[in-house]
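Structure, as C-alpha cells:
FYI, side chains are in, hydrogens and waters are out, and symmetry mates aren't considered; it's all heavy atoms of this structure. Starting from 1, each residue takes its place in the sequence as its number.
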Amino acid sequence: MIADGHGKAFGFALAPGQAHELPQAPAMLDSLPAIPLWVVADKGYASNAFRERIWDMAARPAIPAKRRDGAVACPKWVYRRRHLVENLWARLKEWRAVATRYEKTATSFLAVIHIAAAADWIKP
C-alpha cells in the first residue's frame, strides 16, 4: 500500500500470501503522480536496490536497516510518521471482509480494499 503524508490510502497492489511485497514496491513508486520528499517504509523493505531506486527518483528513503546489515541514515523524526500507515491498516481492518480476507478471489478482495479506502477518504 502507498499512503500519503496524512495517512490516506493512495494505491494498492496485492501480492500472493506466500510472497514478499518488496518486488512490487518499485512499480508502486512509479504510480505516484508527484515525487515525494520522503519514502518511509519498515525494515521489510530494507534493500540497497530499493533505496537506490528511491534516490534515483530524487526522493529520500527513510527505511531502517535490518540487524544483519550495516547502519544506514534513517532520520527518526521522519520514520515516526510510519504510524500513519499502521493506523490506516487498522481503520481498513475495521471492515470484517478486509480483516479476515473474506473474499475468495484476489479481484474481489482488492475491490473490498478499494471500497474501504474510499470510505476512509470520505470520513473527516
Same cluster or not: are Met1 and Ile113 linked, directly or through other Ile, Leu, Val, Met, Phe, Trp or Tyr residues, by side-chain heavy atoms under 4.5 angstrom apart? yes
Check this for me: Lys123, atom NZ, are more than 12 non-hydrogen atoms of other residues, nucleotides or ligands nearer than 6.0 Å? yes
Which atom names give the shortest non-hydrogen contact between Ala97 and Phe109, and what distance separates them? O-CE1, 3.7 Å
Minimum heavy-atom separation for Lys43 to Lys66, with atom names? O-CE, 3.2 Å
With sequence neighbours left out, what residues match Thr105 under side chain to side chain donor-acceptor pair (under 3.5 Å)? Ser108
Using the rule that Ile, Leu, Val, Met, Phe, Trp and Tyr join whenever any side-chain heavy atoms are under 4.5 Å apart, tell me whether Val112 and Leu92 fall into a single cluster. yes
Hydrophobic cluster membership, with links at side-chain heavy-atom distances under 4.5 Å among I/L/V/M/F/W/Y: are Trp55 and Val40 in one? no
Grouping I, L, V, M, F, W and Y whenever their side-chain heavy atoms are under 4.5 Å apart, do Leu22 and Trp89 come out in a common cluster? no
Donor-acceptor check, side chain of Asn48 to backbone of Arg51, threshold 3.5 angstrom: yes or no? no
Separation between NE2 of His114 and CH2 of Trp121, rounded to the nearest 0.5 Å: 13.0 Å
With a 4.5 Å heavy-atom cut-off, do Val39 and Arg60 have their side chains touching? no
Could you tell me whether Lys93 atom NZ has more than 12 heavy atoms of other residues or ligands within 6.0 Å of it? no
Ala65 and Ala46: which non-hydrogen atoms are nearest, and at how many Å? CA-CB, 4.5 Å
Grab the two heavy atoms, one from Leu84 and one from Gly7, that are nearest each other, plus how far apart they are. CB-CA, 3.9 Å
Report the relative orientation of the aromatic rings in Tyr45 and Phe50; use parallel for angles under 30°, tilted for 30 to 60°, perpendicular for over 60°. tilted
Contacts satisfying salt bridge (charged side-chain N to carboxylate O under 4.0 Å, His left out) that involve residues 97-122 (not counting sequence neighbours) are Lys8-Asp120, Arg91-Asp120
Which atom of Gly5 lies closest to which atom of Arg81, heavy atoms considered: O-NH2, 2.8 Å
Taking the side chain as everything from C-beta on, heavy atoms only, tell me whether Ile63 gets closer than 4.5 Å to Ile54. yes
Are Phe12 and Leu14 connected, step by step, through hydrophobic side chains (Ile, Leu, Val, Met, Phe, Trp, Tyr) whose heavy atoms are closer than 4.5 Å? yes
Any side-chain heavy-atom pair from Ile115 and Trp95 closer than 4.5 angstrom? yes
Smallest separation among heavy atoms of Ala59 and Pro61, with atom names: O-CD, 4.0 Å
Please tabulate, one pair per line, all N/O donor-acceptor pairs under 3.5 Å involving side-chain atoms of residues 28-36, not counting sequence neighbours.
residue : atom : partner : partner atom : Å
Asp30   : OD1  : Arg53   : NH2          : 2.0
Ser31   : OG   : Met28   : O            : 2.6

